[in-house]
Number of protein chains: 2
Amino acid sequence: MLYNVRQIESTLRQRGYKITPQRRAIVRAITGCREHLTPAEIYGRVRREHPGIGLVTVYRTLETLAGLGLICETHAGGSCRSYLVRRPAGHHHHLICSDCGTVIDFTDCDLAGLERRLAREKRFRISGHLLEFVGQCRTCREAAGI
Amino acid sequence: MLYNVRQIESTLRQRGYKITPQRRAIVRAITGCREHLTPAEIYGRVRREHPGIGLVTVYRTLETLAGLGLICETHAGGSCRSYLVRRPAGHHHHLICSDCGTVIDFTDCDLAGLERRLAREKRFRISGHLLEFVGQCRTCREAAGI
DNA sequence: ATCGCTGCAAACTGTTTGCAAGTGG
DNA sequence: CCACTTGCAAACAGTTTGCAGCGAT
């Protein structure tokens, strides 16, 4: 359901991008984490196993991966900074835990009816939507209950 | 439905904030515009009639107004920068024109069913959601058609 | 008269760019 | 071997903070 390291590297190769140790490490960091990560967080993780890497490389790789649709950016959750997650193919939305940051994807949003009505009433040609639910995941709720 | 200058100033006064010419100008700029405005845009507009004002004052006033719930921030629309609009009281969503930036508010989102299902399936306690539609408004569509 | 507000300058954070050197295919 | 990639430094953009003086109440 989610892209894995192999698929991402394969896509990069197909598109003529080179597979460098840095890119490999960045891809591994993103795919190996269930939460949204900021560029700085990704940099921190990658640096553990690849100390010489530059933050600039992280930014450039994220831009490349996002451009290929292999990862995606989100902007919700209070801070305006751009977050990144690995991405399931196609249209999807996020369910975000406000405590631990875990992100669960879901695809069936059933907004077609609302979209049609808004398009008619407001005379918009609607091209897309952003839907995110925020709440507390089971683990955090139980942890808080203790 | 939307807060006007008088209501905002009244709220500020009630909460012990002073009504200065700068704050008045900022409030007027925000309420007098149907689009989302960045802090820099607000600064630009306010400066026309109040040249001496500082960008810092704009930021501080926006923070105050947002804290009182009189305006709200949004983060959608490509650029991650925080946009601000005057806000209708209560729960609402945005319909944003990707060309001119016009924002139309709507309130009935009918997501209760989806929210219940997600809460059950993913075991989340859902506390809120963010829903934004992006498209082309009538004016821009017609302008593009020419 | 008082305390909050303003504006300047400067610090800070996050992101992008120019360029020389390094390296994957 | 060569174009793509990297990493440094520096530029940039947006936002926040310290502080002295001003002004709304």
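Just so it is clear: chains get the letters A, B, ... in the order the sequence lines come, proteins before strands, and each one is counted from 1. All values derive from a computational prediction rather than experimental measurement.
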B/Val56 side chain, from C-beta outward: closest of D/dT16, C/dT6, D/dG7: D/dT16
Please report, rounded to the nearest Å, how far the [atom2] atom of [N] is from the [atom1] atom of [X].
{"X": "A/Arg47", "N": "D/dT6", "atom1": "CZ", "atom2": "P", "answer": "17 Å"}
{"X": "B/Leu12", "N": "C/dG4", "atom1": "CG", "atom2": "P", "answer": "15 Å"}
{"X": "A/Ile42", "N": "C/dG14", "atom1": "CD1", "atom2": "C1'", "answer": "14 Å"}
{"X": "A/Tyr59", "N": "D/dG7", "atom1": "OH", "atom2": "P", "answer": "15 Å"}
{"X": "A/Glu41", "N": "C/dT15", "atom1": "CD", "atom2": "P", "answer": "11 Å"}
{"X": "B/Ile53", "N": "C/dC8", "atom1": "CD1", "atom2": "P", "answer": "10 Å"}
{"X": "B/Leu55", "N": "C/dC8", "atom1": "CG", "atom2": "P", "answer": "11 Å"}
{"X": "B/Glu63", "N": "C/dC5", "atom1": "CD", "atom2": "P", "answer": "12 Å"}

I need the residues from residues 14-26 of chain B with at least one non-hydrogen atom less than 4.0 Å from DNA chain D; give them sorted by number, or say none. B/Lys18, B/Ile19, B/Pro21
Just list the side-chain donor-acceptor pairs under 3.5 Å for residues 52-62 of chain A, sequence neighbours left out, or say none.
unit_1  : atom_1 : unit_2  : atom_2 : d
A/Thr61 : OG1    : A/Thr57 : O      : 2.8

Least distance between heavy atoms, B/Arg141 atom then A/Arg123 atom: NH1-O, 3.5 Å
Looking only at non-hydrogen atoms, find the nearest pair between B/Phe133 and A/His129 and report the distance. CD2-CB, 3.6 Å
So A/Gln7 and A/Thr11, side-chain hydrogen bond (donor to acceptor under 3.5 Å, both in side chains) or not? Walk me through it. CA-CA 6 Å; A/Gln7 292 170 312; A/Thr11 304; over 6 Å; no
Does atom CZ (B/Arg117) have a neighbourhood of more than 12 heavy atoms from anything else shown, all under 6.0 Å? yes
Quick one: does A/Arg60 reach the base of D/dG7 with a side-chain donor-acceptor pair under 3.5 Å? yes
With B/Val46 as partner, the option from B/Val27, B/Ile30, B/Ile26 fulfilling side-chain contact (heavy atoms from CB on, under 4.5 Å) is B/Ile26
